[in-house]
Amino acid sequence: MEYNFQDIESKWRQHWAENKTFRAADSSDKPKYYGLDMFPYPSGAGLHVGHPLGYIASDIYARFKRLKGFNVLHPMGYDSFGLPAEQYAIQTGQHPAITTEKNLARYREQLDKIGFSFDWDREVQTSSPDYYKWTQWIFKQLYNSWYNVDADKADDISNLEVVFENEGNATVKAETSQIDIFTAAEWNAFDEATQQKILMNYRLTYLADSMVNWCPALGTVLANDEIKDGVSERGGHPVVQKLMRQWSMRITAYSERLLNGLETIDWSDSIKEQQRNWIGKSVGAAVKFKVQSPRIGTVQDEKLVEQAKEMRANPTDAEAALWTELKGKKLGIKFRKQHLITDFIVDFVCLSKKLIVEIEKDHHGNEESIAKEKIQTKTLEDLGYKIIRLSDEEVVAHTEQVLKSISDALKSLPNQEEESNTNLEEIIGEEQFIEVFTTRPDTIFGVNFLVLAPEHALVAEITTDDQKEAVAAYQKQASLKTERDRQADVKNITGQFTGAYALHPFTGEKVQIWIGDYVLAGYGTGAVMAVPAGDQRDWDFAKHFDIEILNIFEGVDISEAAYAEKEGKMNNSGFLDGLSVRKAMKLAIYEMEKKGIGTGKTTYRLRDAVFSRQRYWGEPFPVYYKNDLPYLIEDDQLPVTLPEVDAYLPTEDGEPPLARAEKDAWNVFEGDRMEYNTMPGWAGSSWYFLRYMDPHNETEFVSKEKADYWNQVDLYIGGSEHATGHLLYSRFWTKFLKDKGFISFDEPFKKLINQGMILGRSSFVYRDKDSGKFVSFGKRKEYKTARLHADISLVDNDKLDLEGFKNWLPEYANAEFILEDDGTYICGSEVEKMSKSKYNVQTPDELVEKFGADTLRCYEMFLGPLEQAKPWDTKGINGVHNFLRKFWRLFHDAEGNFAIEAGEADKKALKTLHKTIKKIEDDLNRFSFNTGVSNFMIAVNELGEQNCNNKAILSDLVVLISPYAPHICEELWTKLGNEAGTLSYAEFPVFNPDFLVEANYAYPVSFNGKMRFKLELPTNMPKDEVEKAVLADEQSQKWLEGKAPKKMIVVPGKIVNVVV
RNA sequence: GCUCGAGUGGUGGAAUUGGUAGACACGCAAGACUUAAAAUCUUGUGUCCAUUAGGACGUGCGGGUUCAAGUCCCGCCUCGAGUACCA
């Protein structure tokens, strides 16, 4: 009987499905093993040969683990919400649920053909309400939690409310965007809206304004991906940066834990490194630069202004106490502090009543001060001001009385017109600071300018009149670029001076304030301090705009480039002079903290993740709004299902598609309206690995018991494109669910392997531009040709099927060809991404049909290392198919009859078998699937040469090969007399090293590192005797050329090297 | 730009800890079988020199460490992936 793979494969697929061979038990005496593939998104194009690559590898490993006696959980399901189905819906009007269902069916059909050992009873789909009910539930958990920094974990928001009621927020250490401090009394007095607004700043998922790429013409937000050259990829409409109120996830609260957790998991260094960089921890300092108003020049005496600001910044206790009572019109009228009137700074003044309140300084009998005070009093009274003088003690001890006397004085005074020219408030404005973060606080003295993001809130306020136009123009230009373009473009240095200056916190020198689009509003504080001496980008910027560059490094030349090394000594740096970088950093931070202008700080590049999408085909939020405040839907009402809409497009006023839903279309409707946004693609995929453990649980997302049993995913296989998205978000959710006590582990995936992409091999034909004839590859240079893709199904070994080509597309029906001399048409080829438009998509179906699933499985593995990207080419598939046929023939005689012999196996066969057992097991343990196939080939070739048909040997070989080629092995297994279906749980053969022992070893003998000849010597010969034997051999004489060897290296059992 | 990864025959790749470079397979060539073709089997196949024997060179490029480098170090080049709303 010939190897009839079609019959064999369909028979065993049916057997496995009917007997639920791969059902995982939720409890077992065996050790557990959880092997998972990354969630596929079922696109309309179906599977191409790249998709199953990882699934085959994980399936081989899962089957191997079953043979090794593990209880294996190996599930599959679909990440079935997503943009492509929605795009398709927009184009065709068909409901995305329908296309998704179709795509799922096609995926399943394709997957079924490849013989995976999935437990299909556990299938999950993110777009199924049974599933997203729990995605919504987890969202609610996040909403009802805050990050307690003291406990270093998430905690119930209700606990936080208790603290607020009793202590206010001053003592709370939390990951929060709340800045203002309030007391318990204040909290309790706030109305609900205010309280909710404050709580929002603590919640782990919260509403906030985030910058998005807004396309007004499409009425939608676009991914950076969807924007090409500043316009939308679809339609070419302009795109602008816009703030939008959206849900965010406070993933930043977990920055440090996400970073540290990497140490505990077995992932590739590259992917860990990518996550580390994504989280981007940097240690440095936050520094505040005071902004000098551009209008400051209008005041005669700059010193006075500075003095006023200084006094304002460092008030005495009495001043502070009194200001608390006067500010914000508490007496019903506006007071100003540290105000300049003519040449005098007064402590407090009410301009509309011309009342001045001065707090007496202790003169200690200083004559000059007393004289000054007298002049001041007289001058001010001449201008029509009334002055109240108070002592420190009076203000502190008898605040009430003081206030009463001020209040009385106010009542007695008439209203006056304010004299604007004396208004210091207007001149210096509110105290403005620009906060920057720097990893190099040691270079603080080298700050020659500051650069703000064009969107920075302060830009509008500080820009001088004569720069307004230029700044606005620059802002407009910047708003048209995507973040990525802004970061990527380093060749074009752009920026715009605002006309404003900041004051250097140590030297007081004026520092120009620029805006530049390489500074991003969303990163850090949206402002950087530029140190051209120490940073190349700043250096380039300074050179380009001709800004001064101060060299702050001792003995370093910075005329040609910045000096970014962290070595050397500081110079021109005040108190840092002569210090090393390390010491200067410490001292700089110390001095900043002492002066109150900065603090040592650790920041993370990681940003909170935007969790809203203005799309239809995603999870609805369990949220409604009442008076514009968000509220959660009760658990017993979940899930909030997707309502029907009349179109999958935004509304005319730019609201998301869900805004189209009628009230009745919602299964749950509360408040004024439901949330219109939906959740992003990563919502459902962040926790799905937990649902597989307990997929039909209706009361919990997963039972604690089952989560404890199955625990972490032991092996997770998928593409590296998920490095910083899915893999980071699911780590975040896992840590959160652990914090809340729902699961007992805080890393989801113990071991991760990234499969490389399978690239397509495109075929090309060459059309002569003059005649329109198609020129064969070898002759294309003789003509002026255009290269066109040809469908790879029409090409075999680069030879084009001419008739097929003519029938392929109507425009080629009358194609004429210029052939090679041998009469064939040869196509050109190139390796590219597999895509429909390149006509290079290879589906697994046709290969399964032609060669069988076992061949496909082995061939995909045989292509090369799992992790590496590789081009797809079916050239070698014949060889792999041949191997399976040879394997089959080992069990059959020349007439095709099943013919094996029981009895003792001979030594050679045992050696082949055990060599193979060892290699296969070693290979599987290091996930080297490709070398596994090679080793099977070697084994089958050797046994074939030996004419081995020994039952014991072949039985072990069947078990060995079965993870790779399960169908053929099941067939042979039953032919060997075993019960059908028992192969999957058979015992993996045990390696016995005794069969590999050899008496002799052929030593490669090298002279000066070059291998010259081999010499067979006993394996157990001692080193010195090997030396003698080598030197005594006549072949050595030629290479020694009569000289004595300088040195000899003998590695027993490996190599001999003679140094001449 | 930044971050990460990869470059080995005509092709996919092997070489696991620094120890025989090119296993295994494809392709190609020659031969056997055949009227012929296909299929199958046998042999050869890194490049260059040489009739042979044999020799020189050889793992993207340039240096280095070592008895010994595809493997380690330094500096480049090329290609691929990610870069926060594709999943």
Side-chain angles (χ1 to χ4, degrees), chain A residues 38-41 43 79 81-84 87 210 212-213 220-226 246 268-278 280 483-491 518 522 537 605-615 680-682 685 719-726 728 754 756-757 759 761 797 831 833 859 862-865 867-880 882-883 919 922-923 925-926 928 930-931 933-938 941 1002-1014 1045-1049 1051 1054-1060:
Chain A
M38 281 187 197
F39 231 8
Y41 174 79
S43 75
D79 189 11
F81 273 134
L83 209 49
Q87 298 287 22
S210 326
V212 295
N213 300 314
T220 180
V221 175
L222 298 176
N224 284 333
D225 238 43
E226 298 172 286
Q246 309 193 77
S268 72
D269 287 338
S270 89
I271 215 117
K272 285 193 195 179
E273 194 60 24
Q274 277 187 63
Q275 291 214 342
R276 270 186 211 114
N277 288 318
W278 189 259
E483 277 194 7
R484 200 184 301 173
D485 289 342
R486 283 167 57 167
Q487 286 175 89
D489 188 5
V490 288
K491 282 181 198 127
Y518 73 93
R537 176 124 68 161
R605 201 177 72 102
L606 184 69
R607 290 183 265 168
D608 279 346
V610 177
F611 197 67
S612 295
R613 298 292 182 267
Q614 294 69 45
R615 312 279 191 193
W682 53 271
S685 62
S720 64
E721 66 273 20
H722 300 286
T724 49
H726 163 61
L728 201 60
N754 291 117
M757 192 187 290
L759 302 164
R761 186 172 185 275
N797 273 338
V831 170
K833 253 190 184 174
Y859 184 59
F862 184 69
L863 271 182
E867 277 119 315
Q868 223 166 278
K870 52 211 157 257
W872 177 263
D873 199 327
T874 51
K875 262 191 207 162
I877 201 164
N878 275 313
V880 175
N882 261 342
F883 145 69
K919 290 227 169 185
D922 287 355
D923 286 350
N925 283 330
R926 65 193 171 98
S928 174
N930 55 325
T931 51
V933 181
S934 298
N935 285 317
F936 289 139
M937 290 175 170
I938 294 168
N941 287 346
Y1003 275 93
V1005 180
S1006 301
F1007 289 79
N1008 294 331
K1010 279 252 165 226
M1011 207 281 281
R1012 295 303 178 183
F1013 61 88
K1014 284 190 187 173
K1046 280 186 194 150
K1047 196 176 174 186
M1048 275 190 81
I1049 287 105
V1051 184
K1054 275 260 162 80
I1055 194 173
V1056 178
N1057 190 16
V1058 186
V1059 187
V1060 185

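Computed from a predicted model, the values in this text were never measured in an experiment. Below, chain A is the first sequence line, B the second, and so on; all start at residue 1.
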Discussion item. Quick check: any donor-acceptor pair below 3.5 Å linking the side-chain of A/Lys1014 to the base of B/rU20?
Written reply: yes

Worksheet item: Taking the P atom of each, how far is B/rU78 from B/rA56, in whole Å?
Response: 35 Å

Response to the item:
Judged by nearest nucleotide, the residue sitting upstream toward the 5' end of RNA chain B, A/Pro1004 or A/Asn277, is A/Asn277

Practice prompt. Quick one: look up who B/rA69 pairs with, Watson-Crick or G-U, both distances under 3.5 Å, and put none if it's unpaired.
Written response: none

Item to complete: Produce a footprint string for nucleotides 10-15 of chain B: one letter per nucleotide, 5' end first; B if the base is under 4.0 Å from any protein heavy atom, S if only the sugar-phosphate is, - if neither.
Response: --BSSS

Fill in: B/rU16 and B/rU11, which share atom name P, separated by this distance in whole Å
23 Å

Worksheet item: Within the structure shown, what part of the strands sits under 4.0 Å from A/Ile938 by heavy-atom distance: base, sugar-phosphate, or nothing?
Response: sugar-phosphate

Item to complete: If B/rA6 has a Watson-Crick or G-U wobble mate with both distances under 3.5 Å, name it; if not, just say none.
Response: B/rU78

Worksheet entry | Pairing partner (Watson-Crick or G-U wobble, both distances under 3.5 angstrom) of B/rA15 | none

Item to complete: Specify whether A/Phe1007 and A/Phe1013 have parallel, tilted or perpendicular ring planes, treating 30° as the upper limit for parallel and 60° as the lower limit for perpendicular.
Response: tilted

Worksheet item: When you compare B/rG5 with B/rG55, how far apart are their P atoms, in angstrom units rounded to a whole number?
Response: 41 Å

Worksheet entry | A/Glu273 side-chain proximity, nearest of B/rG19, B/rC26, B/rC4 | B/rC4

Practice prompt. Sugar-phosphate atoms are those with a prime plus P, OP1 and OP2; base atoms are the rest. Using that split, label each nucleotide of nucleotides 81-87 of chain B B, S or - for protein heavy atoms under 4.0 Å, 5' to 3'.
Written response: SSBBBSB

Worksheet item: Between A/Trp872 and A/Tyr859, does the ring centroid distance fall short of 6.0 Å?
Response: yes

Discussion item. Rounded to whole Å, please give me the gap between CG in A/Asn935 and P in B/rC24.
Written reply: 11 Å

Discussion item. Partner lookup for B/rC85, please. Criteria are Watson-Crick or G-U wobble with both distances under 3.5 angstrom; report none if nothing qualifies.
Written reply: none

Worksheet item: Under 4.0 Å between a side-chain N or O of A/Asn941 and OP1 or OP2 of B/rA25?
Response: yes

Discussion item. Could you check whether any side-chain heavy atom of A/Leu728 comes within less than 4.5 Å of a side-chain heavy atom of A/Leu606, counting everything from C-beta outward?
Written reply: yes

Worksheet item: Can you tell me how far C1' of B/rU3 sits from NZ of A/Lys272, to the nearest Å?
Response: 17 Å

Worksheet item: Does A/Leu863 reach the side chain of A/Asn930, with side-chain heavy atoms less than 4.5 Å apart?
Response: no

Discussion item. Please determine whether the number of non-hydrogen atoms from other residues, nucleotides or ligands lying under 6.0 Å from atom NZ of A/Lys919 exceeds 12.
Written reply: no

Worksheet item: Got A/Phe611 and A/Gln246 here, is their nearest side-chain heavy-atom distance under 4.5 Å?
Response: no

Discussion item. Just so I know, are the side chains of A/Arg1012 and A/Lys1010 near enough to count as touching, which here means a heavy-atom distance under 4.5 Å?
Written reply: yes

Worksheet item: Please give, in whole Å, the distance from B/rU20 P to A/Ile1049 CD1?
Response: 14 Å

Fill in: B/rG64 versus B/rG58 - spacing of their P atoms, nearest Å
14 Å

Discussion item. Only pairs with both distances under 3.5 Å count, Watson-Crick or wobble alike; so what is the partner of B/rU34 in this structure?
Written reply: none

Worksheet item: Taking C-beta and beyond as the side chain, do A/Met937 and A/Val880 meet within less than 4.5 Å on heavy atoms?
Response: yes

Practice prompt. Report the base-pairing partner of B/rC28 (Watson-Crick or G-U wobble, both distances below 3.5 angstrom), or none.
Written response: B/rG44

Worksheet item: Counting side-chain heavy atoms from C-beta on, which of B/rC4, B/rU20, B/rG58 comes nearest to A/Lys1010?
Response: B/rG58

Worksheet item: Atom CD of A/Glu867 and atom C1' of B/rG80: how far apart are they, to the nearest Å?
Response: 16 Å

Discussion item. With heavy-atom distances below 4.5 Å as the criterion, would you say the side chains of A/Val1056 and A/Ile1049 are in contact?
Written reply: no

Discussion item. Say we look at B/rU3 and B/rG12: how far apart would their P atoms be, to the nearest angstrom?
Written reply: 30 Å

Worksheet entry | A/Asn1057 CG to B/rG19 P, straight-line distance once rounded to whole Å | 13 Å

Practice prompt. Would you mind reporting whether A/Leu83 and A/Arg615 have side-chain heavy atoms less than 4.5 Å apart?
Written response: yes

Discussion item. In the structure I gave you, are the side-chain heavy atoms of A/Asp79 and A/Pro40 within less than 4.5 Å of one another anywhere?
Written reply: no

Worksheet entry | For atom CE of A/Met1011 and atom C1' of B/rC67, their distance in whole Å | 17 Å

Worksheet item: Which value, in whole Å, describes the distance between the P atoms of nucleotides B/rA14 and B/rU66?
Response: 31 Å

Discussion item. In this structure, how many angstroms lie between the P atom of B/rC24 and the OH atom of A/Tyr859, rounded?
Written reply: 18 Å

Practice prompt. For A/Asp922 and B/rU16, give me the distance from atom CG to atom C1', rounded to whole Å.
Written response: 8 Å

Practice prompt. Might you work through the side chain to side chain donor-acceptor pair (under 3.5 Å) test for A/Ser928 and A/Thr931, ending with a clear yes or no?
Written response: CA-CA 6 Å; A/Ser928 174; A/Thr931 51; 2.6 Å; yes

Worksheet entry | Between B/rU40 and B/rG54 - P atom distance, rounded Å | 35 Å

Worksheet item: What integer number of Å spans the C1' atoms of B/rG9 and B/rC48?
Response: 14 Å

Item to complete: Look at the side chain of A/Lys919 and decide which nucleotide, out of B/rC4, B/rU16, B/rG19, has an atom nearest to it.
Response: B/rU16

Practice prompt. Both distances under 3.5 Å, Watson-Crick or G-U wobble: report the partner of B/rA23, or none.
Written response: none

